[in-house]
Protein chains: 2
Amino acid sequence: MTRSSATAARLDSASGLVTTRERWPGDTLARVDQADRGNGPCGHCDLGTLAFCDGFARRTVTSLMRVQCTLRFEAHDTLFREGDTGVAVFNVVSGAVKVYKLMPDGRRQITGFFFRGDMFGFCLDGDYAYTAEAVTPLSVCRLPMQRLHELSETAPEVQHRILLRMTAKLAQFHDHVLLLGRKTARERVATFLLALSERARRRGDPASPIPLAMGRVDIADYVGLTVETVSRTMTAFKREGLIDLPSPNHVAIPDTQALRAASDGSA
Amino acid sequence: MTRSSATAARLDSASGLVTTRERWPGDTLARVDQADRGNGPCGHCDLGTLAFCDGFARRTVTSLMRVQCTLRFEAHDTLFREGDTGVAVFNVVSGAVKVYKLMPDGRRQITGFFFRGDMFGFCLDGDYAYTAEAVTPLSVCRLPMQRLHELSETAPEVQHRILLRMTAKLAQFHDHVLLLGRKTARERVATFLLALSERARRRGDPASPIPLAMGRVDIADYVGLTVETVSRTMTAFKREGLIDLPSPNHVAIPDTQALRAASDGSA
DNA sequence: CGCAAGTTTGATGGTGCTCAACCATAGTGG
DNA sequence: CCACTATGGTTGAGCACCATCAAACTTGCG
């Protein structure tokens, strides 16, 4: 069974897991997953070494377990909105998340995609600066920022790990700003596909037939182009043999070096 | 006297301060300022509450003082380059810094400007992801990242403060990505000028006749346009009465709301 | 089968880039 | 004191790239 009773199913039990409605602000769509199942350090997820709590002292992991909360969302569900008071950070257990900002006239810029093992929703004081929305069915591990802060008094490694994640994200932003500010349409699309491929490789997944979790519109709103330009560019790449598109949502990269050349204009 | 013997002066004593050549990698241009003069918590700068060490426990401040180092640069000096191993973070005491990435064919994207009180050069493991260059004569407080990390074992507030700075920077990046990905030339320039004005206001400086520390080329490379477009846009704003340009390096904003309307297309 | 959503393709036009010249200011040396 | 130069900023003409508008195609689903 996939889901027989549509919206209602999301609020009570489904897929054999005990779930309850979540009470936190903005989380009306979330289902809380109370089942323990996973090889992760805290037993609540199967992220293994990708888990936020991986490698922490037993005591620290226990503290995190107590405040941790695994949530599930459907595609297109909103996790939180720009302007909501930021109270928690999220770790993606499975699925994909997009994070975006809107302009008054509806223009949208996606500022990040997050996949298995990624952390998002950094906020210390103040509100979320962006909206987070599930791209696919999604499972996330939520950690209240306040408790993380308290915990870091006694366990500085917690804060240090957040620092590491944020540093990585900052470096990513520098690259993305370069892409948006100075790259051509071809270079943007090539860079985007390469980044997905690189990421897959780093995670041990095959680097070449990569699945595209997001649609063309989302890609466009991420690389600062229109759907049409993204589509045209990808078919152009296909014509030129730079990529193959077995299906609209799968991209094969026969020659990484060639695509890399296309990604910075050295082609 | 301003400076009589040009380049040589930079390497020995100048302006009445005892200076020596700095030995750290990439810092061949820096002069180390060994004079104590300032109202800051550690006595090495006059940043006051803007100082990184402001509000820390006496013991923590002392630790920071011992590893701290105040450096001076001339405009166009390079502090560090993309690819250099990242060993320290910097706090701007006076002057302005730009941080940028280059593409193989010379295209440049400035990813940030930093002014009095700003912190840059975050790096944990690995290399700097960008080049940092002085825009004006510059004075910075350098803190070795390694010691900050060690210090945070006993003083978690150190790491927490870095976290705060990084969170702010992340939020800025979200805004800037929106600007680069989705805004028109007019909106970009308006947003840039408003951000400078806002910043001045927050720091207690007058919000309206704001000095432009950087040239048109730098502005263009920051907002993802060409010099010509930036120049044209600014004179257009002047024609329309949105701004005034008493000199090329000073912008007056008669009506903030009007400029704000121009910054997000609600005009 | 018909509909909806997503993707692709086509025709056309506008925004901002390119190339080029001109102007303003400050510094330099005769 | 005044060319002379260098640097940075402004202005103009033409064009390219990508956005816009429009329509056809594909796929999945009721």
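First the proteins, then the strands, lettered A, B, ... as listed; each starts at 1. Worth knowing before you read on, the calculation uses all heavy atoms, side chains too, and leaves out hydrogens, waters and symmetry mates.
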Side chain of T229(B) only, heavy atoms from C-beta on: which candidate in dT11(D), dC18(D), dG16(C) is closest?
dG16(C)
Test: R199(B) and D118(B) ion pair at under 4.0 Å:
yes
Rounded distance in Å - CG (L180(A)) to C1' (dC17(D))
17 Å
By nearest atom, which of the nucleotides dG10(C), dT10(D), dC19(C) is closest to the E228(A) side chain?
dG10(C)
Nearest-angstrom distance from the residue atom CE of M214(A) to C1' of dT7(C):
16 Å
Separation of L245(A) atom CG from dT27(D) atom P, in whole Å?
13 Å
Which listed nucleotide (dA22(D), dT18(C), dG16(C)) is nearest to the side chain of T226(B)?
dT18(C)
Under the side-chain hydrogen bond (donor to acceptor under 3.5 Å, both in side chains) rule, collect the residues that match up with T136(A), sequence neighbours excluded.
none
Take the angle between the ring planes of F80(A) and Y130(A) and call it parallel below 30°, perpendicular above 60°, tilted in between.
tilted
Measure CZ/R107(A) against C1'/dT20(D) and give the value in whole Å, please.
14 Å
Interatomic distance where CG belongs to L179(B) and C1' belongs to dG16(C) [whole Å]:
15 Å
For T184(A) and for P248(A), find the nucleotide of DNA chain D with the closest heavy atom, then tell me which residue's nucleotide is more 5'.
T184(A)
Using a distance-only criterion (donor-acceptor N/O pair, under 3.5 Å, no hydrogens), is the base of dT9(C) paired with the side chain of R239(A)?
no
If you pin G224(B) and V217(A) to their nearest nucleotides in DNA chain C, which one's is more 5'?
V217(A)
So, is T235(A) close to the dT9(C) phosphate, meaning a side-chain N or O under 4.0 Å from OP1 or OP2?
yes
Atom CD1 of I243(A) and atom C1' of dT8(C) are separated, to the nearest Å, by 13 Å
N249(B) CG to dG8(D) C1', in whole Å, measures 9 Å
On DNA chain C, more 5' by nearest nucleotide between R186(B) and V227(A) is V227(A)
Under-4.0 Å side-chain N/O to phosphate OP1/OP2 contact, R232(A) with dC18(D):
no
Once you round it to whole Å, what is the distance between C1' of dG16(C) and CE of M234(B)?
17 Å
Atom CZ of residue position R203(B) - does it have more than 12 heavy atoms of other residues, nucleotides or ligands inside 6.0 Å?
yes
One thing to verify: whether D46(A) and R116(A) come together as a salt bridge, which I'm taking to mean a side-chain N less than 4.0 angstrom from a carboxylate O.
yes
